[in-house]
> 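I'd like to ask some things about the structure below.
Chain letters run A, B, ... following the sequence lines, proteins first and then strands; every chain starts at 1. Keep in mind the model is a prediction, meaning the values are calculated, not measured. Computed over heavy atoms, backbone and side chain alike; hydrogens, waters and symmetry mates excluded.
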Protein chains: 2
Amino acid sequence: MASHAVREVQRIFNSIYDAIVEQRLPPGTRLTELNLVEVFAANRNHVRSALRDLSHLKLVRIEMNRGAFVEEPTPQQAREVFAARRVIEKAMIENAIDNMSAKDRKAISAHIAQEHALGHDPAKPEFIRLSGDFHRLLSRIAGNQTLGEMLDSLIARTSLIIALYEVQSGIQCSHDEHDHLAEALLSGDKAAAVASMEHHLLAIEKRLRLGPQKTEEVDLFEVFAGVETVK
Amino acid sequence: MASHAVREVQRIFNSIYDAIVEQRLPPGTRLTELNLVEVFAANRNHVRSALRDLSHLKLVRIEMNRGAFVEEPTPQQAREVFAARRVIEKAMIENAIDNMSAKDRKAISAHIAQEHALGHDPAKPEFIRLSGDFHRLLSRIAGNQTLGEMLDSLIARTSLIIALYEVQSGIQCSHDEHDHLAEALLSGDKAAAVASMEHHLLAIEKRLRLGPQKTEEVDLFEVFAGVETVK
DNA sequence: TTCCGCTAAATTGCTAACAATAGAACAGCG
DNA sequence: CGCTGTTCTATTGTTAGCAATTTAGCGGAA
């Protein structure tokens, strides 16, 4: 009975993870423990463990004596996530080309077909997940699990960032970008694949409204350092 | 009283973290909860939280109903960690050069001086920590905190890997490598700095005894798939 | 009216006793 | 003497109740 404990935590973790990534739980949402206990018919410890795990991934923010909230990445953090993704994924795509097997090629083609089947309609839930799956697939082919786990976290956070900063009006169409990337990959052209990946990631970032480059936080303590308060 | 809870967990976390990184806790060591409760005069929940946090950094492995152990990275994982570090740190060093301020230059020089002051003697505890500090300093200068946190984890795991696979006899002397790196950095020569970083990381890896390239794990289930047991 | 302080409800954090598990010591059998 | 199966102990996992904290609502005073 107790041996299923880790599975239980993982079940809760996955459910919340999915809900956040698929944007059914918007950034800032409060996650009350007793609430989750009811929803998942689990005990509080398991819920707390799951929340703690999610906070490691930066999908959830835990405040002392206040509770857990869906994270709200700042524009600065958003830019960092994209910068990190560019670094990791550009390197990874080269390894992917080197390690690509016949099976992997088929998996790539199959994925692209799946994306086409869904149509260009950015009907959020599936579209978002599928888009991330493509990047995770490439990560798996590249073969570095350590780097892959780090990228997983970045991909998940990207969903949060898009939920927060997506420009509503625009027609989000990163579809042909994946096509282009897959084409370069399958043809084995490293330079083209790397360039395509960089272009793709920059394009996603450009479609967001991340505000001015420097959102310098004003530190009141610094501002008033050495200033005598009047009376 | 309760508001110090996170601090308490962090205190335990840091103590164990330091002990692992400075190789006072060898890989494979069992970390018994009640033991740690005594040592840190803390309660079991805090100890458990700290262990869970450490397991997320891959410094500790938690086995169901068995307890927590200091991680023992496999040669395969070790190679992945170094590959990941090359990817991240090569990219980071370029950003570091771009963002380097006068203050940062002084910090780099000061660090190198500190390394020299310690002498070429690899008297483990301080030497290991100082060596990691240099890489963390460059990470801070580069300015991407997201990437920096990921690198922190890799640097910590590197200590574990060295503890496991260091070739005993060898005179570990990565000293002039940092010198060379700092020189390239301060002169602003990106290409040289990147090359120097790559060389440095490859050199560390080469000094280890990681065994054959492929340590394929034999999966008994796969071996005996579809085989009928006799009688 | 507006601001401040007080009280009460909801929620998180903590504790300590209890249950379940794994590993070791041990006994019985071949 | 070695092997198998069983009890026993140390350790981890779980649970429920209690304590502490935050927040919101209310009421009174300026």
> Would you please name every residue forming a side-chain contact (heavy atoms from CB on, under 4.5 Å) with N43(A), sequence neighbours left out?
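With sequence neighbours excluded, N43(A) shows a side-chain contact (heavy atoms from CB on, under 4.5 Å) to N45(A), H46(A), given in chain and number order.
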> Quick one: list whatever passes side-chain contact (heavy atoms from CB on, under 4.5 Å) with A68(B), sequence neighbours left out.
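Once residues adjacent in sequence are excluded, the partners of A68(B) under the side-chain contact (heavy atoms from CB on, under 4.5 Å) criterion are L31(B), L51(B), V60(B), I62(B).
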> Quick one: ring-ring contact (aromatic ring centres under 6.0 Å, His included) partners of F13(B), sequence neighbours excluded?
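Y17(B).
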> Has the side chain of S131(B) got a donor or acceptor atom that lies under 3.5 Å from a matching backbone atom of I128(B)?
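Checked: no pair found.
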> Excluding sequence neighbours, so at least two apart, what forms salt bridge (Lys or Arg N to Asp or Glu O under 4.0 Å) with E38(B)?
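By the salt bridge (Lys or Arg N to Asp or Glu O under 4.0 Å) rule, E38(B) matches no residue at all.
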> Within this structure, what is the CD-to-P distance between E63(A) and dT22(D), rounded to whole angstrom?
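Spelled out: CD on E63(A) to P on dT22(D) is 11 Å.
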> Would you list the atom pairs, donor with acceptor, under 3.5 Å between side chains in residues 149-158 of chain A and any protein atom, with sequence neighbours excluded?
{"residue": "E149(A)", "atom": "OE1", "partner": "K58(B)", "partner atom": "NZ", "Å": "2.9"}
{"residue": "E149(A)", "atom": "OE2", "partner": "K58(B)", "partner atom": "NZ", "Å": "3.4"}
{"residue": "T158(A)", "atom": "OG1", "partner": "R85(A)", "partner atom": "NH1", "Å": "2.9"}
{"residue": "T158(A)", "atom": "OG1", "partner": "L154(A)", "partner atom": "O", "Å": "2.8"}

> How many whole angstroms separate atom CG of N65(B) from atom P of dA20(C)?
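Checked: the CG to P distance equals 12 Å.
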> Which of residues 28-35 of chain B have a heavy atom under 4.0 Å from DNA chain C?
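Result for residues 28-35 of chain B: none.
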> Apply side chain to side chain donor-acceptor pair (under 3.5 Å) to D104(A) and list each qualifying residue two or more places apart in sequence or on a separate chain.
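So D104(A) forms a side chain to side chain donor-acceptor pair (under 3.5 Å) with S101(A).
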> Going by side-chain contact (heavy atoms from CB on, under 4.5 Å), name the residues that satisfy it together with A163(B), two or more places apart in sequence or in a different chain.
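So A163(B) forms a side-chain contact (heavy atoms from CB on, under 4.5 Å) with Q23(B), P27(B).
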> Using heavy atoms and a sub-4.0 Å distance, could you list which residues of residues 37-52 of chain A are near DNA chain C? By number, please.
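Nucleic-acid contacts, sorted: R44(A), R48(A).
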> Quick one: is R66(B) getting a side-chain N or O under 4.0 Å of the dT21(C) phosphate, OP1 or OP2?
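No, because none of the side-chain N or O atoms of R66(B) sits under 4.0 Å from OP1 or OP2 of dT21(C).
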> What is the distance, rounded to the nearest whole Å, between atom CD1 of I62(A) and atom P of dT12(C)?
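Roughly 11 Å, once rounded to whole Å.
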